[in-house]
Amino acid sequence: MSTVPATLHERLKLFSQTSTVRFWSRLDEAERLQLVTELESVDLKQLQEIWQSSQKKTNEGLSTAERIQKASAPKTVIRQAKSPEDVASWQATLELGESELRDGKVAVVTVAGGQGTRLGFDHPKGMFPIGPISDRTLFQIFAEQIQARRQRYGASLLWLIMTSDATHAETVDFFESKQYFGLPTDSVAFFMQGSLPALDAATGEILLSGPGSLALSPDGHGGLIMALRNSGLLDRMTQEGVDHVFYHQVDNPTVIIADPALIGFHLQQKSMLTTNVVCKTSPTERMGVLVDVDGHTEIIEYSELTPEQAASHDATGQWIFWAGNTAIHVFDRKFLQRLAEDGCRLPLHIARKNVPYLDASGQFMQPSDASNPNAIKLERFIFDALPLAERTLIVEGNRDREFNPVKNKSGADSAETARAALNRIATEWLKESGHSLPEGHAIEISPLQALDAAELKQKLASGKVLISEITAPA
Ligand code: UTP
């Protein structure tokens, strides 16, 4: 391949992307092949449309403003149980979810393809040590929860882990080095999401990360649907009788994996996509919110709201934008399948970010001016599936118990706050079991020791778990 293949070159010219092959003469045969493969996987027409629409800020602003203006607090929400009747109804629904788990009708999806730039950890985020005493990793906590549920319900529970080019090899090696944390290897499947190129924010040209490689990054958690289809895992779920897909993100160590109550409500209400929400702590908290717009549920991102809009109330005095998205969902497997069969590509969102690149002279540049990022990055978001579902459901979770993500290096939503939450939850369980934490001690309960306060109580009483096994000097 001494020259760029003619049809590819024509296509690049048509969409003003010939700069991607400017270092062609420097590449060896294998590098040329690699570059051609990368370019052929890119939808140049779509990129051009996206870039053009990114230049029309006013139009975009208007439609966002309209959505915000039409938004109301979600009407159909199952709130946390307060009255004894609510508690009884939650318990009955939880039992319904448990029976689905017992019948092996549930699979778990963990999305773990993100680059975790805010945390600044040099490995896939799932390998981050978070256990307050043991330093067990996020992946280990999830693996132990899955193992504990398999044991509790005597059933299989397929675990699907979405990785990306950035996280795949290291994630798989990590699981192998840990012998899959004792899970049957055929019950854990890794599948890779796609990637999308970053564009030069000034020209719309695709950026290069090297002379023969495009600056690619994972296509967002919304890449899930096509990645599930392309990996054959949607078919596998069908063959194995999975009806409900429990979805969560890799960064929340306190998520209740395969939450039987959430699955129960999902089933009971015949929902296609159920979302766990929590009440935002303040209007300006950086969390997307679920709202109703024109009769369907959708998410408005925090960045789309001005502080005044974020704090607005409806006629009943309720905050309109209260229902924070925890990114814990239950999907109806058939709904995912329908989206995949329709070739559903969720919309692309644009983010202006700094992306390292090779400039025209072949010099590697690392832009850092946060006020004027050099690139446009593109991502799909899984919550864009919400308006595509005929029936959705919102269930309010218990924030302190279920939502303590590790996003940032320090401050809010950091490792420090997540570790403190694990410690606090375990302390509460110990208290409910009639014990108190020895002074100056930390506590950590493995999901294999107990999945909830009731199990801890019973295991402490029978001597299956000892206080000395779960506490250590802080
Ligand atoms: P975030 O939006 O928090 O992104 O992802 P991130 O990459 O982890 O972190 P930052 O923004 O770079 O700091 C939320 C969840 O979605 C997954 C992440 O792994 C995390 O579980 N995700 C995100 C993917 O699986 N793929 C993606 O392309 C993006």
Side-chain angles (χ1 to χ4, degrees), residues 108-128 130 137-139 141-142 159-172 174 189-198 215-228 230-231 233 245-255 257 275-276 285-288 299 301-304 324-329 331 345-356 370 373 375-385 402-415 417-418:
V108 174
V109 165
T110 305
V111 287
Q115 292 170 302
T117 34
R118 282 171 287 173
L119 184 63
F121 178 56
D122 270 347
H123 305 282
K125 213 191 249 189
M127 291 167 61
F128 191 83
I130 198 72
T137 59
L138 288 158
F139 277 140
I141 291 178
F142 305 144
W159 186 14
L160 312 179
I161 301 172
M162 185 168 86
T163 57
S164 63
D165 211 24
T167 64
H168 186 78
E170 220 182 332
T171 301
V172 175
F174 183 64
F190 303 92
F191 64 108
M192 258 220 263
Q193 65 180 108
S195 49
L196 287 165
L216 296 171
S217 46
D219 61 356
H221 37 64
L224 172 76
I225 296 166
M226 295 318 278
L228 271 179
N230 296 343
S231 60
L233 287 166
V245 180
F246 180 89
Y247 166 106
H248 76 107
Q249 301 190 335
V250 76
D251 49 25
N252 178 11
T254 61
V255 58
I257 294 207
T275 300
N276 173 299
E285 187 183 6
R286 298 169 142 244
M287 244 183 143
I299 283 187
E301 291 183 77
Y302 63 83
S303 54
E304 295 177 321
N325 173 29
T326 61
I328 298 168
H329 307 286
F331 287 87
R345 298 196 181 274
L346 299 173
L348 284 170
H349 292 256
I350 291 171
R352 285 170 192 274
K353 291 196 177 164
N354 280 317
V355 172
I376 285 179
K377 271 178 102 173
L378 304 167
E379 274 190 291
R380 300 179 207 280
F381 296 149
I382 194 64
F383 52 71
D384 280 327
E402 298 173 49
F403 185 64
N404 299 281
V406 183
K407 296 275 186 200
N408 305 312
K409 246 189 173 52
S410 56
D413 296 342
S414 63
T417 57

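In each ligand, atom 1 is the first atom listed, and ligand 1 is the first ligand listed. If you read the sequence from its start, that first residue is 1, and numbering goes on from there. The analysis underlying the following values was restricted to heavy atoms, covering all of them including side chains, and did not include hydrogens, waters or symmetry mates.
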Among protein heavy atoms, which lies nearest [atom], and at what distance?
atom: atom 16 (O) of ligand 1; value: His221 CD2, 3.3 Å
atom: atom 28 (O) of ligand 1; value: Gly220 N, 2.8 Å
atom: atom 21 (O) of ligand 1; value: Val111 O, 2.7 Å
atom: atom 26 (N) of ligand 1; value: Gln193 OE1, 2.7 Å
atom: atom 4 (O) of ligand 1; value: Arg118 NH2, 4.2 Å
atom: atom 3 (O) of ligand 1; value: Lys407 NZ, 2.8 Å
atom: atom 12 (O) of ligand 1; value: Thr117 OG1, 2.5 Å
atom: atom 15 (C) of ligand 1; value: Gln249 CD, 3.4 Å

With atoms numbered from 1 as shown, which atoms in ligand 1 lie under 4.0 angstrom from a non-hydrogen atom of [X]?
X: Pro218; value: 28 (O)
X: Lys125; value: 8 (O)
X: Val250; value: 19 (O), 21 (O)
X: Met162; value: 25 (O)

Self-check item: Side-chain heavy atoms of Val250 within contact of Phe139, under 4.5 Å
Solution: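 The answer is yes, as the side chains (C-beta and beyond) meet within the 4.5 Å cut-off.
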Drop me the distance from [X]'s [atom1] to [Y]'s [atom2], to the nearest 0.5 angstrom.
X: Thr137; Y: Lys125; atom1: OG1; atom2: NZ; result: 14.0 Å
X: Phe383; Y: Glu301; atom1: CZ; atom2: CD; result: 4.5 Å
X: His221; Y: Asp384; atom1: NE2; atom2: CG; result: 9.5 Å

Self-check item: Verdict with supporting geometry, Lys407 and Asp251, side chain to side chain contact (heavy atoms under 4.5 Å, CB included)
Solution: CA-CA 7 Å; Lys407 296 275 186 200; Asp251 49 25; 2.7 Å; yes
Self-check item: Expected output: side-chain Thr167 to main-chain Ala112 donor-acceptor under 3.5 Å
Solution: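 Yes, Thr167 side chain to Ala112 backbone: donor-acceptor pair under 3.5 Å.
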Quiz prompt | Thr254 versus Asn404, side-chain donor and acceptor atoms under 3.5 Å | solution =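 There is such a pair between these side chains.
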Quiz item: Which is closest to atom 9 (O) of ligand 1 by heavy-atom distance: Gly114, Ala327, Gly116, Gly113?
Solution: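 Heavy atom nearest to atom 9 (O) of ligand 1 belongs to Gly116.
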Quiz item: Should Glu379 be listed as contacting ligand 1, given a heavy-atom distance under 4.0 Å as the test?
Solution: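 It does, in that a heavy atom of Glu379 comes within the 4.0 Å cut-off of ligand 1.
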Quiz item: Is the distance between the ring centroids of Phe174 and His123 under 6.0 Å?
Solution: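 Distance test on ring centres: not under 6.0 Å, no.
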Quiz item: Only one of Thr275, Asn276, Val255, Asn252 forms a side-chain contact (heavy atoms from CB on, under 4.5 Å) with Thr326, so which one is it?
Solution: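 Only match with Thr326 under side-chain contact (heavy atoms from CB on, under 4.5 Å): Asn276.
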